[in-house]
Amino acid sequence: MEKQPTTEKSRDQFVSRIGFIFAAAGSAVGLGNIWRFPYLAGLNGGGAFVLFYLICVIVIGFGLMLAEFVIGRHTQLSSVDAFKKLDKRFTFVGVMGVLAAFIIMGYYPVVGGWSVAYIFKIVLGEFSTEPAVMGEIFGALSGGIMSPIFWTAIYLIMNIVIVAKGISAGIEKASKIMMPTLFALLVILVIRSVTLPGAMEGLRYLFVPDFSKMTGEVMLAALGQAFFSLSLGMGCMITYSSYLSKKENLVQSAIIVPAMDTSVALLAGMMIIPATVALGFDLGQGPGLVFVTVPAIFATMGPVVGRIFGILFFVLLTLAALTSSLSLLEVVVSYLIDNRKWERKRAVMITSIILFLMCIAASLSMGIWSGFQIIGKNIFDFLDWFANSLLLPIGGLFITLYVGWFWGKDKVKTEVTNNESVKFAIFNVWMFLCKFVIPIIIALVLLSGIGII
Ligand code: TRP
């Protein structure tokens, strides 16, 4: 880049390109990578889940992300309006995406709240290598009444202030510093984790597939995780790419963003699973895994060093979660502003009140309301499953079908190659993915995951 003549224009584009990659990666990298991926891997048999997850990222993640980029950049509109303009029959895909964002935001802030709470727990030295002690600390927080609701409210207020002021762009700039720091911290913690005595067993669990564990349910969990982690299937990436210049190389971006997201997820897995096994924690414990195991890693580092790393970790986790939940809240708010003609402040306020009520229900469902179940899941797990294992894959199915079958090959090619000015050697392969491979995989995994086949 430096070698180009430094006209204003070329500098601007360099800035905007990195800016876009970081905004998209900021949306993708969040609780999905560090909280959800490791606990699902622990719960769903390790290697088999990870293998199928990686297949989903490579085949579906790349193909669908590119499809979303192409739609967004072509229409220069946010998701609902983009579909309305391209083909009215597909408008429901955009609307379903808004619903998915809304549902995810009905529990995501609960986990964001835990992360904020843990900053203070680490400050107070509430960490130990004892599974029973750590389980107690997490159980008291997540199963409590007022305290988790309080921290959820704090987390939600951070989102509200940022979105109401329309300053998310500033936060995304900050993520240019934050993400490399998070990455470096994860590498250090992975090294600490895998050098614990007995950690190798954990690494083996994570990476050596046990094919007897590859059930329809496990595959659906991995598929849903790929969508959730990459922020796909609900038009988030359509909206982001609607701000892109016609010169941007979409194919490159659709490789870089999933690659960054997946490296963070794998690092998080390599940090958490080996330590979980080495320290004798329960691998299949579900949503508490990160909050129980990671502080135990800090405890092995001694009270001072452990505190420093621990505080840094939960501050960065909170910030990573924020850049993701901002993108979700923004999807809902901009829909109300653009399509329902609401004022920004009103849209943020009303949305947030409803989200807060949903979050209260989700939080209580981890404690006193745990007896209330929908299809065998508490409210928290139901919201998570409904959005990620159902709405996102269905959304992704229709987005790829649209690009593969309805838009017109020539129009797609013109857009993705910037009017034939960049090469895209595997265009036909990608079209084949959108036409057949991705929709068929999604349909089969959906049907077998729900238990229909
Ligand atoms: N990908 C984010 C995470 O891993 C969550 C997220 C942000 C998301 N925007 C999204 C998930 C859009 C699905 C769709 O934490």
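Each residue takes its place number in the sequence, starting with 1. Note that this is a predicted model, so its numbers are computed, not measured. Whatever order the structure lists ligands and atoms in, that order sets their numbers, starting from 1.
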Just say parallel, tilted or perpendicular for the rings of [X] and [Y], cut-offs at 30° and 60°.
X	Y	value
Phe398	Phe92	perpendicular
Phe291	Phe138	parallel
Phe298	Phe127	perpendicular
Phe382	Phe386	parallel

*Determine, step by step, whether Phe314 and Lys121 satisfy the side chain to side chain contact (heavy atoms under 4.5 Å, CB included) criterion, reporting the C-alpha distance in whole Å, the side-chain angles of both residues, the deciding distance to 0.1 Å, and the verdict.*
CA-CA 10 Å; Phe314 284 108; Lys121 290 192 183 300; over 6 Å; no
*Any chance NZ of Lys246 has more than 12 other-residue heavy atoms, nucleotides or ligands included, within less than 6.0 Å?*
yes
Need the ligand 1 atom indices (1-based, order shown) with element for anything under 4.0 Å from a heavy-atom of [X].
X	value
Ser229	1 (N), 4 (O)
Leu328	6 (C), 7 (C), 8 (C), 9 (N), 10 (C), 12 (C)
Ser327	7 (C), 9 (N)

*Should the pair Arg307-Glu126 be classified as a salt bridge under the 4.0 Å nitrogen-to-oxygen rule?*
no
Identity and separation of the nearest protein heavy atom to [atom]:
atom	value
atom 8 (C) of ligand 1	Ser231 OG, 3.5 Å
atom 2 (C) of ligand 1	Ser27 O, 3.2 Å
atom 12 (C) of ligand 1	Met234 SD, 3.3 Å

*asked:* Below 4.0 Å from ligand 1: does a non-hydrogen atom of Tyr108 turn up there or not?
replied: yes
Heteroatom distance test ([X], ligand 1): nitrogen or oxygen, under 3.5 angstrom:
X	value
Leu31	yes
Ala28	yes
Gly32	yes

*Relative to atom 1 (N) of ligand 1, which among Phe228, Tyr240, Phe37, Trp35 owns the nearest non-hydrogen atom?*
Phe228
*Give the intermediate values and the outcome of side chain to side chain contact (heavy atoms under 4.5 Å, CB included) for residues Thr262 and Asn33.*
CA-CA 8 Å; Thr262 306; Asn33 309 60; over 6 Å; no
